[in-house]
Amino acid sequence: MSGAAIEVALRLRRGDFLLDAAFAAPPGLTVLFGRSGSGKTSVVQAVAGLLRAEGRVAVGGEDWQGGGAWRPPHRRGVGYVFQDARLFPHMSVRRNLFYGARDGRPGGAGRVIEMLGIGHLMDRRPAGLSGGERSRVALGRALLSSPRVILADEPLAALDEARKAEILPFFERIRDEGEVPILYVSHNPAEVARLATTIVAMEDGRVTRVGPAEEVLADPAVTPLGVRAAGAFVTARLAAHEADGLSRLEAGGCPLWLPRVAGDPGAMLRVRIDAQDVMIALTRPEGISALNVLPAAVESVRAGDGPGALVRLATPAGPILARITRRSLDALGLAPGREVFAVLKAVSVAREAVSGF
Amino acid sequence: MSGAAIEVALRLRRGDFLLDAAFAAPPGLTVLFGRSGSGKTSVVQAVAGLLRAEGRVAVGGEDWQGGGAWRPPHRRGVGYVFQDARLFPHMSVRRNLFYGARDGRPGGAGRVIEMLGIGHLMDRRPAGLSGGERSRVALGRALLSSPRVILADEPLAALDEARKAEILPFFERIRDEGEVPILYVSHNPAEVARLATTIVAMEDGRVTRVGPAEEVLADPAVTPLGVRAAGAFVTARLAAHEADGLSRLEAGGCPLWLPRVAGDPGAMLRVRIDAQDVMIALTRPEGISALNVLPAAVESVRAGDGPGALVRLATPAGPILARITRRSLDALGLAPGREVFAVLKAVSVAREAVSGF
Amino acid sequence: ASLGGVLDEVAAEYTAGTGEAVAISYAGSSLLARQIEAGAPADVFVSANPDWMDVLEEAGLVAARTELLGNALVLVGPAGAPALEIADLPAELGDGRLAVALTEAVPAGIYGRAALTSLGLWDALSGRLAETDNVRAALALVATGAAPYGIVYATDAALEPRVAILDRFPPESHAPITYPAAALTQAGAPFLAWLRGEAAGARFAAAGFTLLPGE
Amino acid sequence: MTFLGPEEWAAVALSLRVAAVATLASLPLGLLVAHALARWRFPGRAALNALVHLPLILPPVVTGYLLLLAFGPRAPLGAGLEALGLPLAFRWTGAALASAIMAFPLMVRAMRLSIEAVDPGLEAAAATLGASRARVFLTVTLPLALPGVLAGAVLAFAKAMGEFGATITFVSNIPGETRTIPSAIWAFLQSPGGDGAALRLVAVSIGVAVAALALSEWLAQRLARRGSA
Amino acid sequence: MTFLGPEEWAAVALSLRVAAVATLASLPLGLLVAHALARWRFPGRAALNALVHLPLILPPVVTGYLLLLAFGPRAPLGAGLEALGLPLAFRWTGAALASAIMAFPLMVRAMRLSIEAVDPGLEAAAATLGASRARVFLTVTLPLALPGVLAGAVLAFAKAMGEFGATITFVSNIPGETRTIPSAIWAFLQSPGGDGAALRLVAVSIGVAVAALALSEWLAQRLARRGSA
Ligand SMILES: Nc1ncnc2c1ncn2[C@@H]1O[C@H](COP(=O)(O)OP(=O)(O)OP(=O)(O)O)[C@@H](O)[C@H]1O
Ligand SMILES: Nc1ncnc2c1ncn2[C@@H]1O[C@H](COP(=O)(O)OP(=O)(O)OP(=O)(O)O)[C@@H](O)[C@H]1O
Ligand SMILES: [Mg+2]
Ligand SMILES: [Mg+2]
């Protein structure tokens with residue numbers, strides 16, 4: 001596949017475990033997703049050249065291995081954030097951070113250090129750090145090595161929500177600049193939903209699904225992340241920041257109010273709307289605290305085995321998903337073609353769910 | 001304080017960092033909560049006797065240290081799940097699991113192993129495990145040592161949601177049996193909200209807030225977990241499991257429909273309702289997919305600096321919180337005393353948010 | 001130590017003749033003397049160094065002593081080297097070294113030093129020595145070519161094909177080289193007598209030793 | 001066997017016995033000392049460390065001579081041990097003692113290095129699981145330090161096979177009792193014409209050592225494999 | 001100084017020089033060999049391992065004799081080195097060579113143990129950060145193996161201070177040039193009445209070694225402290 005930023009076709013045996021994974025991902029952030037033990041770290045290590053797998057690895061159009069060729073790890077230029085931090089215990093945090101910085105302090109180092117909140121730790125050794133501090137330094141070390149690809153294996157698992165919220169935009173920025181592809185392992189549905197350009201779902205060493213995040217997450221038939229992660233992406237233009245702390249967006253002519261989002265008026269934004277946060281009403285509701293009401297038509301209905309059902313709605317803003325109970329489905333008589341209203345609380349749209357292009 | 005299951009008053013210097021933390025927690029699960037580097041692991045290590053802090057530690061009414069006395073770690077009987085797994089690299093998973101099992105295979109071992117999904121790994125060595133597999137074995141090892149207190153330092157951080165969902169009820173069961181107190185470190189608001197009996201919030205080595213989880217989480221003035229974690233607990237009786245997969249609960253005379261919960265009809269349950277999932281309507285909404293509508297009266301209103309506001313509502317089921325925009329607050333004219341309706345989607349109440357007593 | 005080999009043969013004959021086994025412990029004279037002092041279960045002591053025998057005698061450990069054997073000191077060079085007068089050594093040595101056992105500690109070295117001194121060569125040669133911990137090591141230096149010349153016992157020189165005897169030191173240039181032997185216990189007397197016997201004498205003579213009349 | 005004469009065989013057998021006994025008998029003490037030096041803080045630690053290294057620093061003759069003074073039949077210690085049924089002077093047991101002492105610094109250093117490399121966090125983990133100090137040592141520290149224990153044993157065995165100066169000084173060079181391979185080689189080298197026999201013994205010595213090395217490397221590899229799968 | 005005579009002082013000074021040079025000069029090769037034995041797989045690895053251990057197994061005299069055969073002035077190797085300005089025969093340089101070779105197995109073993117204990121995951125991490133094999137070795141493996149390097153150096157130094165048999169056989173005993181402390185001690189012990197002088201040198205020897213040990217322990221502690229804070 002041409003235009004792919006990361007192309008991988010690997011075969012590898014580790015004891016009883018057989019890895020046989022192939023996928024190609026466009027520029028941006030590719031999430032490797034799957035249960036514990038499904039082979040995510042194995043794929044990442046093979047891309048870094050640390051596990052010698054058979055098959056092909058190509059990044060940014062360069063062949064790193066395949067057809068007998070083999071580029072050794074130190075010439076691959078990966079920024080690998082290990083699942084275990086793997087800091088050098090005999091070096092200070094500073095020396096750890098700049099170990100991979102080929103020529104001194106790379107530009108932007110200050111920004112990275114500030115974002116990670118590790119400025120006050122520079123002279124410590126890893127043994128004197130807390131778990132989360134260690135994982136932040138490990139992240140910084142990989143980012144500061146001016147990598148050609150970032151391999152991040154659960155980089156935020158040990159961090160608190162506030163810190164995560166500070167780091168996520170950084171990944172988004174790299175993703176949106178599009179120059180350095182990112183291969184990102186995560187178990188966190190919110191993180192995946194927010195960051196992913198492409199999702200690669202793994203199971204038992206094999207790839208069970210690859211596709212653009214929008215598609216994979218909005219496909220009610222495939223919910224590798226669990227049904228609670230189902231949702232849709234809406235493209236909207238940022239119209240104005242309003243006085244009471246809300247931002248007004250416009251999507252297909254409909255206004256959409258969200259808690260203040262980042263960006264200048266006029267910017268195009270991508271907003272993720274979780275199926276779980278959408279209610280369906282037969283008449284436009286009045287006197288209710290939900291601010292966003294979109295006219296919609298039921299496109300399809302998919303009832304599962306449990307009490308829930310996923311309803312796909314066509315709105316002027318694009319298709320969105322709603323997750324409701326089967327009881328409501330019946331009570332409201334929802335069937336394809338039915339005209340309804342989609343109701344969405346402004347505060348339900350997490351700040352993390354909005355990103356630029 | 002008498003009746004406390006865990007009592008701690010510690011002073012310790014680690015480089016620049018000063019730990020000065022005291023709290024007493026009743027039986028159940030005590031969450032240590034705080035940003036990375038705030039001293040959570042230090043407290044846990046001091047309770048285990050691995051860090052020699054000045055001060056007092058008493059667990060289950062026994063004094064472990066204080067007043068010159070010192071009980072060495074191996075006689076404290078803690079089941080410590082380390083932040084880094086710390087498995088013995090030269091032993092098989094089986095030998096790791098049963099290392100602390102004083103007399104052979106403790107009863108219930110099979111159940112723990114199955115819950116953790118590590119039965120097929122028993123003959124492997126830790127080097128042959130994935131990150132999540134390692135953390136599961138570490139959890140199993142601590143649980144199988146028949147501890148007098150469980151110290152769990154971010155035990156689930158490396159696990160996928162499905163696995164977490166399998167393990168959380170296990171912690172709940174131990175919590176609810178009440179015999180083995182648990183000190184639990186976590187960054188995950190959903191986990192905290194679901195598990196905590198008591199919350200200890202830490203900042204910079206000091207305890208900034210201790211209290212029953214219901215109080216701490218429902219107090220709009222203190223949201224150590226971030227405003228998105230605010231919520232209230234409602235006590236309800238499980239009335240019936242209905243045919244379409246929903247369970248009917250009764251709380252203060254009001255019916256509450258939730259996706260099927262565990263338990264037999266008649267059981268008393270504790271249901272956590274996130275402030276974020278509650279909408280407010282001036283009239284009882286009709287023709288809408290939300291199943292749960294409770295009559296309510298506004299008790300208090302707290303508008304923050306941002307676009308949001310927390311509204312405390314008195315309902316027949318007890319007080320609940322709603323998080324809405326300031327704009328809606330104004331549009332609906334909400335003020336203390338006002339009669340309204342609280343609207344809650346059945347699917348919004350996560351399965352994890354319901355637990356027995 | 002220079003007695004190794006011959007002594008084994010002599011002891012084997014003794015065993016064959018009397019049926020009594022003999023165990024021989026080879027080591028430097030100083031070492032053996034110290035071990036005897038410390039209580040080693042030895043019956044007979046044959047020493048290359050009369051001084052150490054004196055020490056034992058003074059300590060009252062010696063039952064009967066006799067001067068068993070004598071030896072001669074020779075100048076050796078690599079096999080095939082032209083003959084050389086000892087007196088010409090200083091001139092011929094060039095920047096090479098003269099291999100010799102320790103001149104202050106090891107008997108062969110002590111004799112060598114005395115001989116060089118009485119020949120008036122000590123001052124010229126004392127700075128050009130390569131001293132070793134035993135005669136065999138000195139011999140090895142010559143045999144391997146590390147040192148062009150060496151002073152060793154005649155008995156050692158005779159059995160090393162890579163060296164040739166260039167000259168002999170006059171016996172009067174140094175104290176007589178004697179190997180005193182002593183019975184340390186009553187049990188040692190018969191073997192000591194055997195050592196002085198004819199069969200043993202023939203063996204020692206064949207190995208190049210001179211037989212001393214005793215006392 | 002035509003390659004070696006009966007006396008030479010006796011020396012080989014004796015050396016093997018001496019080296020094996022020296023190695024095995026000093027192993028427990030070596031472990032204890034190594035653990036103490038690696039992990040304990042106590043007064044006299046520096047002195048113990050120096051004492052352990054002494055045999056390395058002193059010329060072997062001196063060590064042998066000191067042994068003779070301490071354990072000779074006339075010395076109280078030696079006499080006492082003899083009364084207890086463990087005669088050392090001029091016996092192979094004494095050769096084993098001399099070899100063990102000469103090899104001790106090598107053994108202790110290797111073990112100590114490996115013990116120091118064991119992650120104290122794992123020992124702490126074992127303690128939280130209820131293991132006493134002794135159990136922690138036996139089940140965690142020792143197994144993880146096995147590469148060093150093995151290396152220490154191999155070094156000690158090799159050193160014991162090669163030890164000469166202290167041995168000959170302490171227990172002399174008595175065929176069948178204390179004439180080990182090195183003593184025999186030395187004796188052969190001293191007597192004119194003994195080079196051939198010396199060479200044969202050197203060859204045997206090398207053979208034994210190479211076999212011991214190969215065995216230890218194989219064991220170490222098994223250990224390593226065990227650790228990684 | 002009245003404690004030691006000028007000749008004895010010369011022996012002490014010489015021993016220090018020989019031991020220091022032997023230790024420092026063999027350090028790089030020791031590291032290389034230790035790294036090779038610890039981490040590389042190549043044909044001849046077992047043979048190299050055996051070769052390194054040989055000086056431990058062989059009686060020192062034999063090693064000295066072999067050195068004589070290899071590095072004597074008549075031997076091509078020895079002659080070649082002499083032509084290059086590095087004469088060994090009867091020179092203190094030769095004594096250093098003999099000591100270095102005798103100490104080599106101890107040095108290599110200690111270094112190898114420490115190198116084997118370095119987490120390969122850290123070396124892999126360094127490689128992902130663009131470090132070449134040489135840089136990985138110099139910035140990660142070597143610093144982390146420093147305890148073993150230090151231990152190896154100390155062992156080698158101590159051994160070199162005590163080495164006697166191979167040295168005297170190879171370079172004999174020339175006052176001021178090759179008469180090291182052990183040679184002097186040995187010589188004193190040979191003559192009745194030399195014990196006093198020998199004892200004084202033994203004391204000096206112990207003093208030097210204890211100082212070296214103390215220095216190394218202090219360095220090791222600094223290293224350890226560095227690693228944990
Ligand atoms: N050896 C040390 N020397 C100096 N400071 C230390 C040392 N060990 C820990 N600290 C500091 O102590 C503080 C508390 O560490 P601790 O491990 O208890 O944090 P934590 O709350 O568990 O954080 P995390 O969530 O990141 O695991 C941190 O700021 C850390 O930098
Ligand atoms: N050395 C080994 N021998 C045998 N099996 C191994 C070995 N290393 C890894 N495995 C197995 O390979 C599988 C994939 O491991 P990998 O580390 O890639 O999983 P992962 O998807 O990263 O899991 P996690 O989310 O738990 O980190 C696991 O089932 C693991 O048990
Ligand atoms: Mg992984
Ligand atoms: Mg921590």
Side-chain angles (χ1 to χ4, degrees), chain A residues 14-15 34-37 41 83-84 124 128-133 136 153-154 157-163 187 189 225-226 228 244-246 257 259-260 276-277 279-283 285-291 306-308 322-330 332 343 345-348 350, chain B residues 14-15 34-37 41 83-84 124 128 130-133 136 153-154 157-163 187 189 225-226 228 244-246 257 259-260 276-277 279-283 285-291 305-308 322-330 332 343 345-348 350:
Chain A
R14 296 183 99 172
R35 298 201 57 171
S36 167
T41 298
Q83 194 169 5
D84 47 337
R124 294 245 198 106
L129 301 180
S130 78
E133 286 164 351
R136 282 180 273 157
D153 199 346
E154 306 190 31
L159 299 184
D160 52 288
E161 300 291 309
R163 182 62 65 189
H187 289 304
L225 291 156
R228 307 194 83 229
D244 56 3
L246 296 178
W257 280 278
R260 168 88 87 221
Q276 178 147 275
D277 291 332
M279 278 183 302
I280 298 176
L282 296 181
T283 55
E286 303 289 338
I288 194 162
S289 63
L291 285 175
R323 184 161 167 256
I324 62 175
T325 57
R326 269 170 28 210
R327 178 172 302 190
S328 300
L329 195 69
D330 298 341
L332 301 182
V343 180
K345 286 186 73 170
V347 292
S348 291
Chain B
R14 298 183 97 171
R35 296 201 58 172
S36 166
T41 299
Q83 194 170 4
D84 48 337
R124 295 245 197 106
S130 78
E133 287 164 351
R136 283 180 273 156
D153 199 347
E154 305 191 31
L159 300 184
D160 51 289
E161 300 292 309
R163 181 63 65 188
H187 288 304
L225 290 156
R228 308 194 84 230
D244 56 3
L246 296 179
W257 279 277
R260 167 91 84 220
Q276 177 148 275
D277 291 332
M279 279 182 302
I280 297 176
L282 297 180
T283 55
E286 304 289 338
I288 194 163
S289 64
L291 284 177
D305 303 331
R323 185 161 166 253
I324 62 175
T325 57
R326 273 176 17 216
R327 176 171 303 189
S328 300
L329 195 69
D330 297 343
L332 302 182
V343 181
K345 285 185 74 171
V347 291
S348 292

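Every heavy atom of this structure was used, including side-chain atoms; hydrogens, water molecules and symmetry mates were not. Chain naming here is simple, since letters A, B, ... match the order of the sequence lines and numbering starts at 1 in each.
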Drop me the distance from [X]'s [atom1] to [Y]'s [atom2], to the nearest 0.5 angstrom.
X	Y	atom1	atom2	value
B:L291	A:R327	CG	CZ	6.5 Å
B:D277	A:Q276	CG	CD	7.0 Å
B:R14	A:R124	CZ	CZ	9.5 Å
A:L246	B:T325	CG	OG1	5.5 Å

Based on non-hydrogen pairs under 4.5 Å, which of [options] is most in contact with chain A?
options	answer
B:S130, B:G15, B:G132, B:G287	B:G287
B:S36, B:P285, B:A157	B:S36
B:D153, B:D330, B:I280	B:I280

Out of A:L159, A:T41, A:T283, A:V343, return the one with the most heavy atom pairs under 4.5 angstrom to chain B.
A:L159
For A:E133, which atoms come within 4.5 Å of any heavy atom of chain B: side chain, backbone, both, or neither?
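Contact with chain B: backbone and side chain both.
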Chain B contact via A:L332 - side chain, backbone, both or neither, heavy atoms under 4.5 Å:
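Answer is side chain: those atoms of A:L332 sit under 4.5 Å from chain B.
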Looking only at non-hydrogen atoms, find the nearest pair between A:A290 and B:M279 and report the distance.
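Heavy-atom minimum between the residues: CB-SD, 3.5 Å.
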For the student: nearest non-hydrogen atoms of B:D160 and A:R35, plus distance
OD2-NE, 2.8 Å
Let me see the working for A:D244 and B:R326 under salt bridge (charged side-chain N to carboxylate O under 4.0 Å, His left out), right down to the final yes or no.
CA-CA 7 Å; A:D244 56 3; B:R326 273 176 17 216; over 6 Å; no
